[in-house]
Protein chains: 2
Amino acid sequence: MTARTPSETARDIPEATVARLPVYLRALTSLSEAGTSTCSSEALAASAGVNSAMLRKDLSYLGSYGTRGVGYDVDYLRYQIAREIGVTQDWPVVIVGIGNLGHALANYSGFRSRGFRTVALLDADPARTGETVAGIDVRPFDDLEGIVAEHGVAIGVIATPAPAAQAVADRMVAAGISSILNFAASVLTVPAGVDVRKVDLSIELQILAYHEQRKAQDQQQEETA
Amino acid sequence: MTARTPSETARDIPEATVARLPVYLRALTSLSEAGTSTCSSEALAASAGVNSAMLRKDLSYLGSYGTRGVGYDVDYLRYQIAREIGVTQDWPVVIVGIGNLGHALANYSGFRSRGFRTVALLDADPARTGETVAGIDVRPFDDLEGIVAEHGVAIGVIATPAPAAQAVADRMVAAGISSILNFAASVLTVPAGVDVRKVDLSIELQILAYHEQRKAQDQQQEETA
DNA sequence: GCCGGTTTGTTCTCTCGTTCACAAACTCCT
DNA sequence: AGGAGTTTGTGAACGAGAGAACAAACCGGC
Ligand SMILES: NC(=O)c1ccc[n+]([C@@H]2O[C@H](COP(=O)([O-])OP(=O)(O)OC[C@H]3O[C@@H](n4cnc5c(N)ncnc54)[C@H](O)[C@@H]3O)[C@@H](O)[C@H]2O)c1
Ligand SMILES: NC(=O)c1ccc[n+]([C@@H]2O[C@H](COP(=O)([O-])OP(=O)(O)OC[C@H]3O[C@@H](n4cnc5c(N)ncnc54)[C@H](O)[C@@H]3O)[C@@H](O)[C@H]2O)c1
């Protein structure tokens, strides 16, 4: 069963490492634009805000792209990471729910520059349909299946109110989308093989509030001590 | 030195647990609104999308708020979690950078309903100043110190372009802010005692792209097998 | 008052992630 | 060519997090 074809690079990069690769990629792009051609793990780790040992271990999962005593070639490493993540090719993306957040996302240029191309903006509200945001027409949600098939869309973004999110996700999955980025504050249930990542602003704020409260308590305790 | 005052509840809740508490809180609010007064760890875990054993362990860090053989009282548990996180009180928040994203954040109602009150919108661009978003005037960035002092703001949100983020963070910290939510795609350096959390949309998309690419490769391998 | 059924709180174990520390490998200088 | 000085890649120690399993505790019925 375990066919194990050691075709190109060995797979199985740890999830925590995958989450940091884009940060390294960004740091390398920065360095490259600043004209730096070579950098040490120490320098790159500082740019990325991590420990240098962790950086080296992360990079070692991709292969041996550094030179001992010298460091890493910025552009070469940048290409290798980009290839590993898969952003050397363009990924078509659809955004569903063109309200406050959907508008911001559609207008966000960081998308395009990092290998993601917004091919459609969809909304269920007929009043929204026909509007043009960032040069792209807002189309009815029912166009989803056609657009996904036409462009081979694999990644969908949900920016609808929470109650609509599960239904939208179901339609996306049925249409053939297998990766979803969810901004709605709700837990999505999807079949195996479909990846979901969530971004929840209010959760982030609550985590900050917890630590803030702790700081206040600690300070109070010091005062009474 | 380690005074260790076991004042109320024992502190030191694991970070992973802290990150899940807001999810439980949301699920409990949902259940409460649906009229449910009691629920088991199994049911709550399903709503939150986690394993029931993990849920019980998480809750056990707060204390013993359940009843064996019965389950948890929804409203009581909800209050206990809210108190632990610190969202029974209101947290004043400032948002800096009222562009595409800043507008969406200012218009976001989920803020207010979860214990966070936007007390000011700040932008360095004079053209933005004077505009009113969601009933709040956009004010010059230089008003930061005054507003932080006046309202006792502890939490700041950065939605400026990446190159401006570090400077904004420095000013925030100098003004007395000790928790920052950063939407800009840059690594922030802050003094010890200041918490930073980042939300980076393009990192999330890149993680999805990586897994998507892997799926495609696996499928290709199966076909040739 | 006791017993069967139910559900929590917790212990144990395993996996995953992070950091340390150092040998291997490279460059540069003499 | 050889040695001093760097920097990578990785084995090993350490710590945190997740899941399985089970005893303790509770309810309701008899
Ligand atoms: N605005 C923010 O800053 C922010 C921040 C974090 C999270 N969120 C979350 O993002 C989501 C969107 O927020 P928003 O402020 O943009 O809300 P919004 O109400 O402004 O926009 C929602 C849009 O989704 C559309 N829609 C509703 N049901 C739909 C359906 N079934 N199919 C397709 N489209 C549908 C609506 O027509 C509307 O245009 C919400 O779940 C919110 O909780 C928003
Ligand atoms: N729009 C999105 O969907 C989105 C998504 C993810 C991340 N981001 C990030 O969020 C940030 C903001 O994105 P945006 O699309 O809203 O950009 P934007 O250009 O529309 O808005 C930026 C705003 O910040 C203000 N500003 C600039 N320098 C400032 C300073 N020193 N002090 C105060 N204000 C200042 C500008 O005047 C402008 O109003 C960017 O870093 C972007 O990468 C945006």
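As the structure is a computational prediction, the values presented were derived from the model and not from experiment. Letters A, B, ... are given to chains in the order of the sequence lines, protein chains preceding strands, and every chain is numbered from 1.
Where Val70(A) and Gly66(B) meet DNA chain C, the nucleotide closest to each residue was compared, and Gly66(B) sits on the side nearer the 5' end.
At the phosphate of dT18(C), OP1 or OP2 sits under 4.0 Å from a side-chain N or O atom of Arg20(A). Contact annotation: Tyr72(A) side-chain N/O to dC26(C) OP1/OP2 distance is not under 4.0 Å. Between Asn51(B) and the phosphate of dG17(D), there is no side-chain N or O to OP1/OP2 separation shorter than 4.0 Å. The side chain of Ser64(A) contributes an N or O atom lying less than 4.0 Å from OP1 or OP2 of dG9(D). For dT8(D), the OP1/OP2 oxygens have a side-chain nitrogen or oxygen of Ser41(A) closer than 4.0 Å.
Atom CG in Asp58(B) sits roughly 10 Å away from atom P in dG19(D) (whole-Å rounding). Atom CD in Glu15(A) sits roughly 15 Å away from atom C1' in dA18(D) (whole-Å rounding). In this structure, the CE atom of Met54(A) is 18 Å from the C1' atom of dG11(D), given to the nearest Å. Counting to the nearest Å, the C1' atom of dC16(C) and the CG atom of Asp12(A) are 13 Å from each other. Note: CG (Leu55(B)) to C1' (dT7(C)) measures 12 Å, nearest angstrom. If you measure from atom OH of Tyr65(B) to atom P of dC26(D), you get 17 Å, rounded to the nearest angstrom. Rounded to a whole Å, the CD atom of Gln80(A) is 12 Å from the P atom of dG9(D). Whole-Å rounding puts the Leu59(B) CG to dG9(C) P distance at 7 Å.
Evaluated for a side-chain contact (heavy atoms from CB on, under 4.5 Å) with Val173(A), the options Ile180(A), Val196(A), Val168(A) yield exactly one hit, Ile180(A).
Between atom CZ of residue Arg26(A) and atom CG of residue Asp200(B) there is a gap of 5.0 Å, rounded to the nearest 0.5 Å.
Remark: the Lys57(A) side chain and the dT19(C) base include a donor-acceptor N/O pair separated by less than 3.5 Å.
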*asked:* Test side-chain hydrogen bond (donor to acceptor under 3.5 Å, both in side chains) on Asp75(B) and Ser32(B); report intermediate values, then the result.
replied: CA-CA 7 Å; Asp75(B) 287 323; Ser32(B) 180; 2.9 Å; yes

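Looking at Ser41(B) and Arg56(B), their side chains do bring a donor and an acceptor atom within 3.5 Å of each other.
Minimum atom distance to the side chain of Arg68(A) is reached by dA25(C), of the listed dG17(C), dG9(C), dA25(C). You'll find that the side chain of Ala16(B) is closest to dG17(D), out of dC26(C), dT8(C), dG17(D). The nucleotide whose nearest atom lies closest to any side-chain atom of Ala53(B) is, among dA21(D), dA21(C), dC26(D), dA21(D).
Between Tyr72(B) and Tyr65(B), a ring centre-to-centre spacing not shorter than 6.0 Å is recorded.
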